[in-house]
Asker: 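Structure below; questions to follow.
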Amino acid sequence: MAYKINDDCTACGACADECAVEAISEKDGKYFIDPEKCIDCGLCAGVCPVEAPQSE
Ligand code: SF4
Ligand code: SF4
């Protein structure tokens, strides 16, 4: 289980600052969650203005 960022993401970057395990990274203007690092805490979903990070 891990969180995944969907296409609603506007690349604001708020979630990346919140993640304690630095699982969120940006590449070519899009944000991704590394499922190997994500500990399913849900903080990214809490700060995201468009609820793009979803639990799988
Ligand atoms: Fe990071 Fe938690 Fe979001 Fe996973 S659920 S990417 S650990 S903030
Ligand atoms: Fe995308 Fe939401 Fe993260 Fe902003 S907080 S970069 S909109 S997933």
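In what follows, residues are counted from 1 in the order of the sequence shown. In each ligand, atom 1 is the first atom listed, and ligand 1 is the first ligand listed.
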Asker: For ligand 2, is V47 a contact, meaning one of its heavy atoms is under 4.0 Å away?
Answerer: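 Checking ligand 2 against V47, which is what was asked, there is no heavy-atom contact under 4.0 Å.
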Asker: What distance do I33 atom CD1 and C9 atom SG have between them, rounded to the nearest 0.5 Å?
Answerer: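 SG of C9 is found 9.5 Å from CD1 of I33.
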Asker: Pick from S55, C38, P35: which one makes a side-chain contact (heavy atoms from CB on, under 4.5 Å) with M1?
Answerer: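 Exactly one option meets the side-chain contact (heavy atoms from CB on, under 4.5 Å) with M1, and it is S55.
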Asker: Report the part of A52 in contact with ligand 2, treating N, CA, C, O as backbone and CB onward as side chain, heavy atoms under 4.0 Å; options are side chain, backbone, both, neither.
Answerer: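 Side chain only.
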Asker: For ligand 2, note which part of I5 has a heavy atom under 4.0 Å away: side chain, backbone, both or neither.
Answerer: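 It is the side chain that gets close, since no backbone atom is under 4.0 Å.
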Asker: In ligand 1, which numbered atoms sit nearer than 4.0 Å to a non-hydrogen atom of I24?
Answerer: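 Going through ligand 1 atom by atom, the ones under 4.0 Å from I24 are 6 (S).
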Asker: Taking the side chain as C-beta and beyond, is there a heavy-atom pair between D34 and S25 under 4.5 Å?
Answerer: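 Contact flag for D34/S25 side chains = no.
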Asker: For V21, take its heavy atoms, then give the atoms of ligand 1 lying under 4.0 Å from any of them.
Answerer: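 Ligand 1 atoms under the 4.0 Å threshold to V21: 7 (S).
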Asker: Nearest 0.5 Å, please: how far is CG in L43 from OH in Y3?
Answerer: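 Those atoms lie 9.0 Å apart.
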Asker: Could you measure the distance from the CD atom of E51 to the CD1 atom of I5? Nearest 0.5 Å is fine.
Answerer: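 Rounded to the nearest 0.5 Å, the CD-CD1 separation comes to 13.5 Å.
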Asker: Please give me the minimum heavy-atom distance between C44 and I24, naming the atom from each residue.
Answerer: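 Shortest heavy-atom contact: CB-CD1, 3.7 Å.
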Asker: Does the side chain of P53 reach to within under 4.5 Å of the side chain of C48, using non-hydrogen atoms?
Answerer: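 Counting from C-beta outward, P53 and C48 do come under 4.5 Å.
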Asker: Numbering the atoms of ligand 2 from 1, which are under 4.0 Å from a heavy atom of Y31?
Answerer: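 Near Y31, the atoms of ligand 2 are 6 (S).
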Asker: Measuring only between side-chain heavy atoms, which start at C-beta, is E18 closer than 4.5 Å to V47?
Answerer: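 Yes, close enough: below the 4.5 Å cut-off.
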Asker: Would you indicate whether the side-chain heavy atoms of K4 and Q54 approach each other to under 4.5 Å?
Answerer: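 Side chain of Q54 against side chain of K4, heavy atoms only: no contact under 4.5 Å found.
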Asker: Please state which protein non-hydrogen atom is closest to atom 2 (Fe) of ligand 2 and give its distance, to 0.1 Å?
Answerer: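 For atom 2 (Fe) of ligand 2, the nearest protein heavy atom comes out as C48 SG, 2.2 Å.
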Asker: Among protein heavy atoms, which sits nearest to atom 3 (Fe) of ligand 1, and what does the distance come to when rounded to 0.1 Å?
Answerer: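 Here the nearest protein heavy atom works out to C44 SG, 2.3 Å.
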Asker: Heavy-atom contact under 4.0 Å between P53 and ligand 1?
Answerer: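 Not so, P53 does not reach ligand 1.
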Asker: Under 2.8 Å from atom 1 (Fe) of ligand 2, is there an N/O/S atom belonging to C12?
Answerer: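 No, outside the cut-off.
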Asker: Using a strict 4.0 Å cut-off to heavy atoms of C15, name the atoms of ligand 2 that fall inside it.
Answerer: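 The atoms of ligand 2 under 4.0 Å from a heavy atom of C15 are 3 (Fe), 5 (S), 6 (S), 8 (S).
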Asker: Quick one: NZ on K37 to CD on E22, what's the gap to the nearest 0.5 Å?
Answerer: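 Those atoms lie 7.0 Å apart.
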Asker: Applying a 4.0 Å heavy-atom criterion (strictly less than), which segment of A11 is in contact with ligand 2: side chain, backbone, both, or neither?
Answerer: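 For A11, only backbone atoms sit under 4.0 Å from ligand 2.
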Asker: Numbering the atoms of ligand 1 from 1, which are under 4.0 Å from a heavy atom of G42?
Answerer: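 Selected atoms, number and element: 2 (Fe), 5 (S).
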Asker: Go through ligand 1 atom by atom and flag the ones less than 4.0 Å from a non-hydrogen atom of I39.
Answerer: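 Answer for ligand 1: 4 (Fe), 7 (S).
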Asker: What's the shortest distance from atom 6 (S) of ligand 2 to any protein heavy atom, and which residue and atom give it?
Answerer: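 Here the closest protein heavy atom is G13 N, 3.2 Å.
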Asker: In terms of residue, atom name and distance, what is the protein heavy atom nearest to atom 7 (S) of ligand 2?
Answerer: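 Scanning the protein heavy atoms, the shortest distance from atom 7 (S) of ligand 2 goes to T10 N, 3.3 Å.
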Asker: Go through ligand 1 atom by atom and flag the ones less than 4.0 Å from a non-hydrogen atom of C41.
Answerer: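 Under 4.0 Å from C41, ligand 1 has these atoms: 2 (Fe), 5 (S), 7 (S), 8 (S).
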Asker: Heavy atom to atom 4 (Fe) of ligand 1, shortest distance: which of C38, A2, C19 holds it?
Answerer: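 Nearest option to atom 4 (Fe) of ligand 1, by heavy atoms: C38.
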Asker: Of all the atoms in ligand 1, which lie at a distance below 4.0 Å from a heavy atom belonging to I33?
Answerer: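 Numbered from 1, ligand 1 contributes 6 (S).
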Asker: Starting from atom 1 (Fe) of ligand 2, locate the nearest protein heavy atom and write down its residue, its atom name and how far away it is, to 0.1 Å.
Answerer: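 I find the closest protein heavy atom is C9 SG, 2.3 Å.
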Asker: Would you call C15 and D17 a side-chain contact if the rule is heavy atoms closer than 4.5 Å?
Answerer: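 Contact flag for C15/D17 side chains = no.
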Asker: Rounded to the nearest 0.5 Å, how far apart are CG of N6 and OH of Y31?
Answerer: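 Here the interatomic distance stands at 15.5 Å.
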